[in-house]
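Below: one structure, written as structure tokens.
Just so it is clear, the model here is predicted, and its values are computed rather than measured.
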Amino acid sequence: MSFSFKVVFCIALLLAPLSAWAVHPLQVEDTATQGKGNVLFELNGDYTKDNEFKTTTMNANITVGAGQRTDLVLETPYLLQDPSGVTGQYEHGTGDIRVKLKHQLFENEVHQSMGYQIYADMPTGNADKGLGRNDVFWGFKLMDSQGCCSTIYRVSAGYEVLGRDVKDLHFGNDYSINFGFAVEHKLTEAFRLLAEVAGENRREDGLYSRPFTALFGFKYDISRSWYVDVAGRAGLNRYAEDYTALLGTAWKF
């Protein structure tokens with residue numbers, strides 16, 4: 001991707017309107033939902049370097065409040081790989097689209113809440129170019145949040161498996177167990193610091209990997225329905241990426 005295109009894309013993200021309950025740039029999902037009839041639209045971009053592989057992922061996501069505690073989400077990624085891990089050449093195109101259902105189970109008077117999420121990746125990306133998996137990928141995640149003073153603590157744990165393994169009841173063939181802990185601290189009414197440690201235990205094509213990462217960043221609320229987020233994520237072991245730069249914006253209406 002050319003330098004000028006990167007600059008234009010970053011400026012577009014910063015100038016677009018935004019909202020307040022998107023998961024980006026964290027991997028640990030929040031338990032909050034949009035509320036019935038509310039809509040959240042997100043634009044975000046991540047640049048990842050992993051050894052000689054460099055990947056830019058641009059996402060346009062929409063979240064619809066289907067109920068007071070239930071959200072429906074559509075995530076549409078566009079990938080630019082330099083080079084692709086499959087072809088060894090520069091490749092770009094639409095990745096696998098993800099659909100999610102998120103439900104908050106409860107929220108009590110001491111600001112503790114729990115929820116779950118079910119999602120599926122549709123094989124819309126070109127697997128021959130390394131842009132997709134060529135199979136449906138199912139996932140389930142449990143989340144818990146606890147607010148205390150000006151800080152929110154979040155934990156999540158999930159399981160992912162290929163669709164063909166679900167069909168054959170081979171849940172241990174290709175799978176991923178993911179987990180994480182995140183902290184969001186409000187310095188002012190508009191400015192929040194973010195920190196996260198996340199890990200994964202993955203088995204794919206008979207090979208095991210256990211990537212661990214750490215993230216630091218911030219969110220800034222431009223208005224009550226518009227924010228931007230900026231973060232950096234670094235790999236903590238040989239299985240993880242070298243680093244990822246993350247930039248996002250969203251708005252609610």
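Ion pair D229/K219 not flagged as a salt bridge, since none of the NZ, NE, NH1 or NH2 atoms sits closer than 4.0 Å to an Asp/Glu carboxylate oxygen. Classification of R233 and E241 as a salt-bridged pair holds, one side-chain N sitting under 4.0 Å from a carboxylate O. Salt-bridge check for E29 with K141: failed, with every basic side-chain N at 4.0 Å or more from each acidic carboxylate O. With respect to K100 and D71, no salt bridge is recorded, no charged nitrogen being found less than 4.0 Å from a carboxylate O.
A donor-acceptor pair under 3.5 Å links the side-chain atoms of Q146 to the main chain of V110, judged by distance alone. Of the possible donor and acceptor atoms, one in the side chain of Q81 sits under 3.5 Å from a partner among the backbone N and O of G130. Of the possible donor and acceptor atoms, one in the side chain of T124 sits under 3.5 Å from a partner among the backbone N and O of G95. Here the side chain of N237 pairs a donor or acceptor atom with the backbone of R210 at under 3.5 angstrom. Looking at E196, its side chain does come within 3.5 Å of a backbone N or O of Q27 through a donor-acceptor pair. At distances below 3.5 Å, at least one donor-acceptor pair connects side-chain atoms of D242 with backbone N or O atoms of N51. Within the 3.5 Å criterion, the main-chain N or O of G125 finds a donor-acceptor partner in the side chain of D96.
Residues near F53 contribute nothing to a hydrophobic cluster around it, because no ILVMFWY side-chain heavy atom sits closer than 4.5 Å to its side chain. Cluster note: L105 groups with L72, L101, F106, M114, Y116, I118, F140, L142 through ILVMFWY side-chain heavy atoms spaced under 4.5 Å, whether in direct contact or through intervening members.
When all heavy atoms of A60 and T76 are compared, the closest pair comes out as O-OG1, 2.6 Å. Taking each heavy atom of E204 and D174 in turn, the nearest pair found is CA-OD1, 3.1 Å. The heavy-atom pair separating Y153 from C148 by the smallest distance is CE1-CB, 4.2 Å. In this structure, G235 and A240 approach most closely via the heavy-atom pair CA-CB, 3.6 Å. Shortest non-hydrogen contact noted between S156 and M143 is CB-CG, 4.0 Å. Nearest heavy-atom pair, V28 versus F181, reported as atom, atom and distance to 0.1 Å: CG2-N, 3.7 Å.
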Task: side chain to side chain donor-acceptor pair (under 3.5 Å) evaluation trace for R203 with Y175 - done: CA-CA 5 Å; R203 184 183 190 274; Y175 67 90; 5.8 Å; no
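More than 12 heavy atoms of other shown residues, nucleotides or ligands fall within 6.0 angstrom of atom NZ in K49. Residue-environment remark: CD (E52) exceeds the threshold of 12 foreign heavy atoms within 6.0 Å. At most 12 heavy atoms of other shown residues, nucleotides or ligands fall within 6.0 angstrom of atom NZ in K129.
How far CZ of R238 is from OG of S209: 9.5 Å, rounded to the nearest 0.5 Å. In this structure, L131 CG and H92 NE2 are separated by 9.0 Å, a value rounded to the nearest 0.5 Å. Here the straight-line distance linking atom CD1 of I152 with atom NE2 of H185 works out to 11.5 Å at 0.5 Å rounding. In this structure, the separation between CD1 on I222 and CH2 on W251 is 11.5 Å, given to the nearest 0.5 Å.
Side-chain contact between T48 and T57 is absent, with no heavy-atom pair separated by less than 4.5 Å. The closest side-chain heavy-atom distance from E42 to T63 is below 4.5 Å. Using a 4.5 Å cut-off on side-chain heavy atoms (C-beta onward), N59 and P77 make contact.
Under a hydrophobic-cluster definition in which Ile, Leu, Val, Met, Phe, Trp and Tyr are linked whenever side-chain heavy atoms come within less than 4.5 Å, directly or via other members, V39 and V73 are assigned to different clusters.
Side chains of E200 and S176: a donor on one and an acceptor on the other come within 3.5 Å. In this model, a donor atom of one side chain and an acceptor atom of the other lie less than 3.5 Å apart for D30 and S145.
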